[in-house]
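For reference, the structure discussed in these notes is given below.
Note that the structure is predicted; figures quoted are calculated from it, not measured. In what follows, chains are A, B, ... by sequence order, proteins preceding strands, each numbered from 1.
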Number of protein chains: 2
Amino acid sequence: MQSDAAAARQEIALLLRRLNVELDAVGQRFADLHGLNRTDVRALVAIMDAARRGEALTAGRLGEAVDLRSASVTALVDRLEKVGHVRRVRDPEDRRRVGLEMSEAAMTAGAQHFGGLARDLSAAMEGYSAEDLAVVRRWLEDMTGVITRHSRGEPSAD
Amino acid sequence: MQSDAAAARQEIALLLRRLNVELDAVGQRFADLHGLNRTDVRALVAIMDAARRGEALTAGRLGEAVDLRSASVTALVDRLEKVGHVRRVRDPEDRRRVGLEMSEAAMTAGAQHFGGLARDLSAAMEGYSAEDLAVVRRWLEDMTGVITRHSRGEPSAD
DNA sequence: GTCGATTATCTCGATCGTCGAGATAATAGC
DNA sequence: GCTATTATCTCGACGATCGAGATAATCGAC
């Protein structure tokens with residue numbers, strides 16, 4: 001019988017779900033603090049991520065990132081622009097395109113909130129050995145693979 | 001210099017964020033498959049979790065679980081009841097209260113989708129030793145602690 | 001037991017986010 | 001040039017959520 005081991009694995013799956021809920025709550029809290037909704041936060045994070053990679057997101061690409069139709073993206077960017085979080089910048093190369101640039105203030109607020117979390121997570125991992133972190137890393141990659149297949153609706157490999 | 005170790009920790013934090021995104025996508029997929037929105041899915045999960053604990057959720061408690069005001073809960077339960085996923089059951093003890101019972105079909109669909117994920121996750125952990133899983137478990141608890149503090153807006157312990 | 005306070009849910013009207021359809025404007029291909 | 005394609009925007013409609021207030025049941029003090 002290995003039902004003990006199976007129970008341990010199920011418990012870990014439950015812990016993962018709980019972590020997921022709390023991680024979502026971090027985004028929700030940022031939204032509450034800044035008078036935004038969850039979509040707005042996801043958009044700002046997408047723009048920030050792109051900026052970190054050195055790319056300036058266009059309206060269309062932002063829509064793909066947050067899975068919204070063009071009409072909704074226009075409304076979304078209107079909201080973010082109205083409160084000064086982003087600026088529309090027409091691309092001189094292709095004047096149909098609208099680039100999105102985050103304001104310094106929004107960048108700072110985002111870095112403080114989410115960067116602070118990343119810093120605290122990193123700090124909480126300081127007590128772990130390189131070997132332990134390698135295990136965690138492999139586990140994260142394995143779990144993400146399984147989850148990704150589920151989110152795409154692909155059959156489980158059994 | 002331990003910037004290598006710091007970089008490894010940051011990378012793990014990024015992996016965790018990616019996992020979170022995919023885990024959200026699993027719920028989104030369930031919603032798409034059944035013509036529901038994310039709130040409806042969260043509600044069904046909350047009802048299912050309560051049922052597993054042997055409790056029948058009332059409308060009010062469901063509202064707390066998914067963070068909605070009573071007016072929205074009424075609309076939410078109306079939606080779920082209309083498509084036959086839940087049934088309103090007046091509590092004979094306290095006839096103000098409305099208990100919520102999931103239909104067999106909804107229960108089965110939920111168990112299939114989310115239970116299937118749990119099963120696959122568990123299977124993917126079979127290759128891990130008890131020691132490795134203990135590391136993962138401790139790590140999950142530590143990270144959840146940090147994240148929960150952030151989601152509650154409590155100061156980081158530095 | 002009766003009556004006011006409290007609790008649980010519901011109704012109504014308003015607001016806001018999202019979308020489909022179609023307009024507008026710029027680019028690309030021939 | 002002229003047409004097809006691409007990127008974004010406008011407009012009208014729909015649906016999820018909410019605040020305020022209504023309704024109905026329970027509780028507590030007397």
- Is the shortest heavy-atom distance from the side chain of Val45(B) to the side chain of Phe30(B) under 4.5 Å?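 Result no, sub-4.5 Å side-chain heavy-atom pair not found.
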- Message: Counting C-beta onward and ignoring hydrogens, is there a side-chain heavy-atom pair between Arg87(B) and Leu100(B) closer than 4.5 Å?
- Response: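 The answer is no; the side chains never approach within 4.5 Å.
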[atom1] of [X] versus [atom2] of [N]: gap in Å, rounded?
X        : N       : atom1 : atom2 : result
Glu64(B) : dA8(C)  : CD    : C1'   : 11 Å
Leu36(A) : dC16(C) : CG    : P     : 14 Å
Asp40(B) : dT17(D) : CG    : C1'   : 12 Å
Asp78(B) : dA16(D) : CG    : P     : 11 Å
Leu68(A) : dC16(C) : CG    : C1'   : 14 Å
Arg90(B) : dT9(C)  : CZ    : C1'   : 7 Å
Arg38(B) : dT17(D) : CZ    : P     : 12 Å
Arg97(B) : dT7(C)  : CZ    : P     : 13 Å

- Select from Asp91(A) and Leu76(A) the residue whose nearest nucleotide in DNA chain C is closer to the 5' end of that strand.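 It is Leu76(A), whose closest nucleotide lies nearer the 5' terminus.
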- Item | Most 5' of Asp94(A) and Ala75(A) on DNA chain C, judged by nearest nucleotide |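 Of the two residues, Ala75(A) wins.
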Whether [X] contacts [N] is assessed here as follows: a side-chain N or O lying under 4.0 Å from the phosphate OP1 or OP2. Is that the case?
X        : N       : value
Ser72(A) : dG17(C) : no
Arg95(B) : dA25(D) : yes
Arg79(A) : dT18(C) : yes
Thr39(B) : dT17(D) : yes

- Message: Checking contacts here: which listed nucleotide (dC19(C), dT8(D), dT9(C)) is nearest the side-chain heavy atoms of Arg69(A)?
- Response: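 Of all the options, the side chain of Arg69(A) is nearest to dC19(C).
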- Query: Out of dT8(D), dC18(D), dG20(C), which has the shortest distance to the side chain of Ala71(B)?
  - Reply: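 Nearest to the side chain of Ala71(B) among the choices is dC18(D).
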- When you check the gap from the basic side-chain N to the acidic O, do Asp24(A) and Arg38(B) get nearer than 4.0 Å?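 Here Asp24(A) does not pair with Arg38(B) in a salt bridge, since their nearest N and O are not under 4.0 Å apart.
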- Message: Check this for me: does the side-chain of Arg96(B) come within 3.5 Å of the base of dT9(C) through a donor and an acceptor?
- Response: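 Answer no: no donor N or O sits under 3.5 Å from an acceptor.
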Assign [X] to base, sugar-phosphate, or nothing according to its heavy-atom contacts below 4.0 angstrom with the strands shown.
X        : result
Arg88(B) : sugar-phosphate
Arg61(A) : nothing
Ala59(B) : sugar-phosphate

- Between CD on residue Glu22(A) and CZ on residue Arg152(B), distance to nearest 0.5 Å: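 The distance works out to 5.0 Å.
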- Give a yes or no answer on whether the side chain of Arg88(B) reaches the backbone of Gly99(B) with a donor-acceptor pair at less than 3.5 Å.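 Flag not set: sc Arg88(B) to bb Gly99(B) has no pair under 3.5 Å.
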